[in-house]
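Residue numbers begin at 1 in each chain, while the letters A, B, ... track the order of the sequences.
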2 protein chains.
Amino acid sequence: MKYIHYMTETTEVLDRVLLLAHLVQADMARFEREEGLTSARVHLLWVLGSTGPSTQQALAHALEVTPRNVTGLVDGLVASGHVTREAHPGDRRATLVTPTPLGAATIEGLTSSHADLARRLFGDVPPARLAVFAEVLDGTTQRFARLMDQVQES
Amino acid sequence: MKYIHYMTETTEVLDRVLLLAHLVQADMARFEREEGLTSARVHLLWVLGSTGPSTQQALAHALEVTPRNVTGLVDGLVASGHVTREAHPGDRRATLVTPTPLGAATIEGLTSSHADLARRLFGDVPPARLAVFAEVLDGTTQRFARLMDQVQES
DNA sequence: GTCATGTAGTGAATGTACTTCACGATGTAG
DNA sequence: CTACATCGTGAAGTACATTCACTACATGAC
């Protein structure tokens with residue numbers, strides 16, 4: 001054997017990333033159950049929280065689903081009282097999906113619980129190590145984007 | 001201001017983890033389209049690859065879905081020729097879901113493409129940095145498991 | 001052996017998420 | 001004003017997932 005490798009297998013690292021993501025997702029599922037929402041609808045609310053009142057087209061693009069699907073999700077959120085369809089000033093075709101007070105509260109809870117989770121997961125990691133972690137993560141993500149583009153072209 | 005913080009926000013780090021997971025998932029979706037499979041069925045095949053021929057109960061447990069759902073997924077995979085239902089020796093109630101040659105080839109492709117992706121993502125990261133990355137990841141995952149247990153109890 | 005109880009898988013019914021296709025209503029460029 | 005693109009939605013269909021009820025089989029108590 002050429003190396004005594006006390007090496008970190010790349011596959012194992014990838015698996016851990018995926019495992020962590022899965023756990024975070026499971027935590028989200030808990031939130032969803034508590035709020036009586038589904039993950040697709042929570043996702044829509046999340047986007048709405050980042051962008052403010054949006055047309056369904058914009059939501060479809062952000063969620064990477066078809067506009068038709070957004071119609072259904074918004075229907076559900078209107079029924080549960082989380083959003084309303086407001087008239088778009090200047091384009092009578094479009095509707096502005098807008099959070100109600102209930103919806104805004106849900107988004108608030110979502111954001112704070114997200115930040116809370118992040119703090120609990122990474123808050124105790126020494127800054128230097130966390131910085132390395134973030135850098136590796138960032139580099140990897142960028143490398144990934146480049147790989148995807150290559151595939152896209154072929 | 002108390003600190004000149006060149007600090008890495010924990011929320012940002014969490015978001016990057018989730019982003020990377022999302023990208024990896026998108027890559028999986030590409031694989032699924034190429035194979036004409038859905039993510040739920042690929043997931044089942046993946047588990048089957050890790051555990052070998054399994055009862056539907058075992059699969060339901062591993063996939064964290066109801067046994068009834070596994071019935072449907074296996075139906076689909078039988079129809080597409082990826083698995084067969086074999087008699088369980090010693091328990092005539094149970095069926096052993098078993099990969100066909102086609103299914104085994106798919107699992108093989110899945111495994112190698114997964115390893116390939118991991119190598120391309122993390123292969124160029126200096127070992128020392130990758131080790132830190134993996135350690136932070138591992139610690140975080142364990143911390144998470146402890147948090148989930150706390151919630152479970154309450 | 002038989003009887004009670006539990007376990008493995010499935011039919012029926014239901015709900016959500018998602019898609020494509022077709023269409024009406026509105027915006028926009030020429 | 002006409003052609004064309006865009007915004008949302010009805011209709012129809014697929015996949016994933018659930019619960020509930022049921023059959024077939026296993027297993028331990030007696």
So do [Y] and [X] actually touch side chain to side chain, heavy atoms under 4.5 Å?
{"X": "Arg16(B)", "Y": "Val13(B)", "answer": "no"}
{"X": "Val17(A)", "Y": "Leu137(B)", "answer": "yes"}
{"X": "Glu64(B)", "Y": "His22(A)", "answer": "yes"}

Does the [X] side chain pair with the main chain of [Y], one donor and one acceptor, at a distance under 3.5 Å?
{"X": "Arg129(B)", "Y": "Val136(A)", "result": "no"}
{"X": "Thr10(A)", "Y": "Gly123(B)", "result": "no"}
{"X": "Thr11(A)", "Y": "Glu9(A)", "result": "no"}
{"X": "Thr95(A)", "Y": "Glu86(A)", "result": "no"}

Under 4.5 Å side-chain heavy-atom separation, chaining through any Ile, Leu, Val, Met, Phe, Trp or Tyr, what else clusters with Val65(A)? Say none if it is isolated. Met28(A), Phe31(A), Leu37(A), Val42(A), Leu44(A), Leu45(A), Trp46(A), Val47(A), Leu48(A), Leu59(A), Leu63(A), Val70(A), Leu73(A), Val74(A), Leu77(A), Val78(A), Val83(A), Val97(A), Ile107(A), Leu110(A)
Would you give the length of the straight line joining atom CG of Leu19(B) to atom OG1 of Thr140(A), rounded to the nearest 0.5 angstrom? 11.5 Å
Hey, could you give me the CD/CD distance between Gln25(B) and Glu32(B), rounded to the nearest 0.5 Å? 8.5 Å
Residues touching DNA chain D, which here means a heavy atom under 4.0 Å, drawn from [range]:
{"range": "residues 84-92 of chain A", "value": "Arg85(A)"}
{"range": "residues 37-49 of chain B", "value": "Thr38(B), Ala40(B), Arg41(B)"}
{"range": "residues 51-76 of chain B", "value": "Val65(B), Thr66(B), Arg68(B), Asn69(B), Leu73(B)"}

The criterion is side chain to side chain contact (heavy atoms under 4.5 Å, CB included); which residues satisfy it with Gln57(B), sequence neighbours excluded? Thr55(B), Pro67(B)
If an axis is fit to five pairs at each end of the helix from dG1(C)-dC30(D) to dG30(C)-dC1(D), what is the angle between the two, to the nearest 10°? 20°
Relative to each other, are the rings of Phe122(B) and Phe133(B) parallel, tilted or perpendicular (30° and 60° limits)? tilted
